Amino acid sequence: MNDEIVELAGRRPKTFGRRKMTPRACVADGKRHLRAFLAEVLEDLGFVTSECASADELQAVLTRELPDLILLGISADGIEPGKFLEILVRESFDGKVLAVGARESIIVRAVQQVGEEYGLAMLPPLTTPFAAETLRDRVAMLLPEEPAPSPAVHVGEALHAGWLELWYQPKIDARTLIRSGAEALVRMRHPTWGVVPPAYFIPEADDPHLRNLSEFVIERAVQDWHYLLERQGPVDLSINLPASYLKEPQAVRDLCRRVPTHPAFGGLTIEIDSEEAFRDLDHLVEVAREVRLHNIGLSIANLGANWPSLMDLGKIPFIKLQADRHFVTGSGDDRLKRTVCRHIVELAQGYGVGAIAEGVESRADLVAANELGFDLVQGFLFGKPMPLKKFAKSALTRTVMGQA
């Protein structure tokens with residue numbers, strides 16, 4: 001940090017376009033694992049993130065990404081912060097800069113002082129270790145006050161551009177609280193809008209791209225299963241497919257052909273929305289029987305007040321019945337919700353199949369799910385859906401106390 005910064009500070013500012021949508025952040029740190037950790041925390045807060053490990057990389061990010069925030073990691077054996085500050089001054093960076101380092105670090109204090117002296121918008125330093133809430137407080141002014149509008153992106157464009165990926169939410173054994181599989185949920189990582197939930201891009205039932213999306217989910221889930229196998233052992237995965245996809249005989253044959261042949265593969269669960277399933281239940285029963293020969297099970301998802309549609313079938317080839325989250329969340333205090341959940345559990349037990357409670361968001365929900373007799377539980381109490389690599393790093397077993 002030298003006299004060159006003084007000269008650079010006097011140059012005419014260059015204005016970067018400020019974004020009124022999803023904020024962008026660049027994590028600048030010489031250590032890969034720290035960059036990954038900080039990027040994950042920022043993404044959880046709603047940022048679109050990029051990373052850089054050197055001053056040259058920062059230069060490219062400023063030009064390409066137009067970040068609103070630079071998170072500058074500072075450690076004794078890390079990056080040279082002076083070079084980073086020089087580039088920020090040279091480019092007249094008008095976003096925020098947040099220094100991250102040890103509480104008593106002289107370097108952190110020096111970076112803060114020099115950055116302020118030469119006109120950079122320095123946020124109060126973030127000292128380690130820190131809580132996610134502390135980071136949120138630091139960057140609160142960059143978070144949008146209202147949710148960003150939905151992007152006008154068609155799923156066909158997202159598939160072609162490679163913006164889609166699968167995120168995973170753990171399924172937990174209701175009695176042992178040990179992780180017992182995961183549900184794959186499709187997400188779009190748009191270059192401008194950041195992570196976009198499926199409600200904004202899932203096509204209508206008559207859209208020809210729905211089959212392409214279904215095939216993407218199948219193919220990616222199989223790839224991810226192999227990835228997880230190498231890093232933490234076999235994981236039982238569930239994916240969501242539309243019932244219309246399973247009406248095509250060739251699609252069913254392709255599905256059976258794609259499942260892993262690895263001896264550790266424990267099976268793939270296909271979750272079908274209950275409303276879709278009930279519109280053509282007889283055909284779906286036949287498909288369920290066929291795919292079970294290939295280690296694939298069908299599960300009826302989002303069951304609620306429509307549970308009587310599965311009564312009096314004698315026997316069903318489905319492997320699980322899943323209570324809709326709207327009836328699980330708050331079931332401990334709501335008599336109507338609890339009654340619906342009890343009927344779903346009794347129905348599952350009568351057919352000899354598993355019962356899953358989705359939407360367990362509190363300890364009261366978990367207690368109710370246990371009392372009602374659910375086999376598996378799933379919900380924010382145990383973790384939100386997360387990207388593949390983050391899921392792979394998560395603990396193999398988690399308890400509610402561990403989540404607190």
Side-chain angles (χ1 to χ4, degrees), residues 44-46 132-133 136 146-147 150 167-187 195 197-200 202 238-240 269 271-278 299-311 318-351 353-386 391 394-395 397-404:
D44 286 343
L45 295 178
E133 292 77 10
R136 174 186 284 276
E146 299 179 357
S150 58
W167 286 30
Y168 293 90
Q169 184 174 35
K171 293 181 182 288
I172 307 296
D173 186 291
R175 295 167 183 81
T176 65
L177 301 183
I178 294 175
R179 197 170 77 183
S180 182
E183 179 183 1
L185 301 159
V186 66
R187 295 289 187 268
V195 176
Y200 293 146
I202 293 295
S238 301
I239 62 175
N240 293 271
T269 299
E271 299 186 8
I272 306 293
D273 179 76
S274 61
E275 293 297 333
E276 290 188 59
F278 296 155
S299 175
I300 304 300
N302 305 323
L303 270 173
N306 58 355
W307 65 268
S309 299
L310 286 176
M311 293 180 65
F318 308 116
I319 63 171
K320 297 183 183 75
L321 301 181
Q322 301 173 227
D324 190 290
R325 66 181 64 252
H326 297 297
F327 290 92
V328 173
T329 304
S331 58
D333 303 316
D334 189 305
R335 183 177 178 181
L336 175 60
K337 290 183 177 181
R338 194 179 182 90
T339 300
V340 171
C341 289
R342 186 180 70 253
H343 283 304
I344 293 171
V345 171
E346 291 174 350
L347 190 65
Q349 291 174 344
Y351 284 124
V353 301
I356 302 178
E358 296 191 44
V360 176
E361 298 185 357
S362 68
R363 293 172 186 264
D365 293 342
L366 177 61
V367 170
N370 267 303
E371 292 176 348
L372 289 165
F374 281 101
D375 300 293
L376 297 176
V377 291
Q378 178 180 346
F380 289 177
L381 180 64
F382 301 98
K384 297 180 180 180
M386 62 191 84
F391 178 78
S394 61
T397 59
R398 291 189 175 193
T399 65
V400 178
M401 290 302 296
Q403 291 291 312

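For clarity, every value in this text was computed on a predicted model and none was experimentally measured.
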J.: So Phe327 and Ile344, do their side chains get closer than 4.5 Å, heavy atoms only?
T.: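 With C-beta onward as the side chain, the pair stays apart.
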J.: I'd like to check the side chain to side chain donor-acceptor pair (under 3.5 Å) partners of Asp324; sequence neighbours left out, ordered by chain and number.
T.: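 Asp324 satisfies side chain to side chain donor-acceptor pair (under 3.5 Å) with no other residue.
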J.: Judged by modelled atom types alone, do Gln322 and Glu358 share a side-chain donor-acceptor pair under 3.5 Å?
T.: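 Looking only at side-chain atoms, Glu358 and Gln322 do form a donor-acceptor pair, the distance falling under 3.5 Å.
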J.: Any salt bridge linking Asp375 with Arg175? Criterion: basic side-chain nitrogen under 4.0 Å from a carboxylate oxygen.
T.: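 Salt bridge: yes.
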J.: Does Arg187 have any side chain to side chain donor-acceptor pair (under 3.5 Å) partners at least two apart in sequence or in another chain, and if so, which?
T.: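 In terms of side chain to side chain donor-acceptor pair (under 3.5 Å), with neighbours along the sequence ignored, Arg187 is linked to no residue.
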J.: So, for Leu372 and Val345, which heavy atoms are closest and what is the spacing to 0.1 Å?
T.: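 Shortest heavy-atom contact: O-CG1, 3.2 Å.
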J.: Can you measure from CD1 (Ile300) to CD1 (Ile356) and round to the nearest 0.5 angstrom?
T.: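 These two atoms lie 11.5 Å from each other.
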J.: Would you say that Phe318 contacts Ile272 through its side chain, given a criterion of any heavy-atom pair below 4.5 Å between the two side chains?
T.: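 The answer is no; the side chains never approach within 4.5 Å.
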J.: If you measure from the Lys or Arg side-chain nitrogens to the Asp or Glu carboxylate oxygens, is any gap between Lys320 and Glu271 under 4.0 Å?
T.: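 Between Glu271 and Lys320 there is no salt bridge, as every charged N stays at least 4.0 Å from the carboxylate O atoms.
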J.: Taking ring pair (Phe, Tyr, Trp, His ring centres under 6.0 Å) as the test, write out the residues that go with Tyr168, two or more places apart.
T.: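 Testing Tyr168 for ring pair (Phe, Tyr, Trp, His ring centres under 6.0 Å), a comparison that skips the adjacent residues, returns Phe391.
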J.: Only counting residues at least two apart or in another chain, list the ones meeting side chain to side chain donor-acceptor pair (under 3.5 Å) with Glu275.
T.: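 Listed in chain order: Asn306.
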J.: State whether the side chain of Ser299 and the backbone N or O of Thr269 hold a donor-acceptor pair below 3.5 Å, judged by distance alone.
T.: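 Not confirmed, Ser299 side chain does not pair with Thr269 backbone.
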J.: Give a yes or no answer on whether the side chain of Tyr351 reaches the backbone of Leu321 with a donor-acceptor pair at less than 3.5 Å.
T.: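 No; judged by distance alone, with no hydrogens or angles, the pair does not exist.
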J.: Do Ser180 and Leu376 come within less than 4.5 Å of each other through their side chains, counting heavy atoms only?
T.: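 When only atoms from C-beta onward are counted, Leu376 and Ser180 do touch, with a gap below 4.5 Å.
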J.: Taking C-beta and beyond as the side chain, do Phe374 and Cys341 meet within less than 4.5 Å on heavy atoms?
T.: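 The answer is yes, as the side chains (C-beta and beyond) meet within the 4.5 Å cut-off.
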J.: Show me, pair by pair, the donor-acceptor contacts under 3.5 angstrom made by side chains of residues 328-335, not counting sequence neighbours?
T.:
unit_1	atom_1	unit_2	atom_2	d
Thr329	OG1	Arg325	O	3.2
Thr329	OG1	Gly359	O	2.6
Ser331	OG	Val328	O	2.9
Asp334	OD1	Leu336	N	3.0
Asp334	OD1	Lys337	N	3.0

J.: Under 3.5 Å, side chain of Asn370 to main-chain N/O of Ala174, donor-acceptor pair present?
T.: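 Checked: pair present.
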J.: Kindly indicate whether the side chain of Pro170, heavy atoms from C-beta on, has any atom under 4.5 Å from the side chain of Gln378.
T.: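 Heavy-atom side-chain distance check fails, nothing below 4.5 Å.
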J.: With sequence neighbours excluded, tell me which residues meet salt bridge (charged side-chain N to carboxylate O under 4.0 Å, His left out) with Asp273.
T.: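 Applying salt bridge (charged side-chain N to carboxylate O under 4.0 Å, His left out) to Asp273 gives none.
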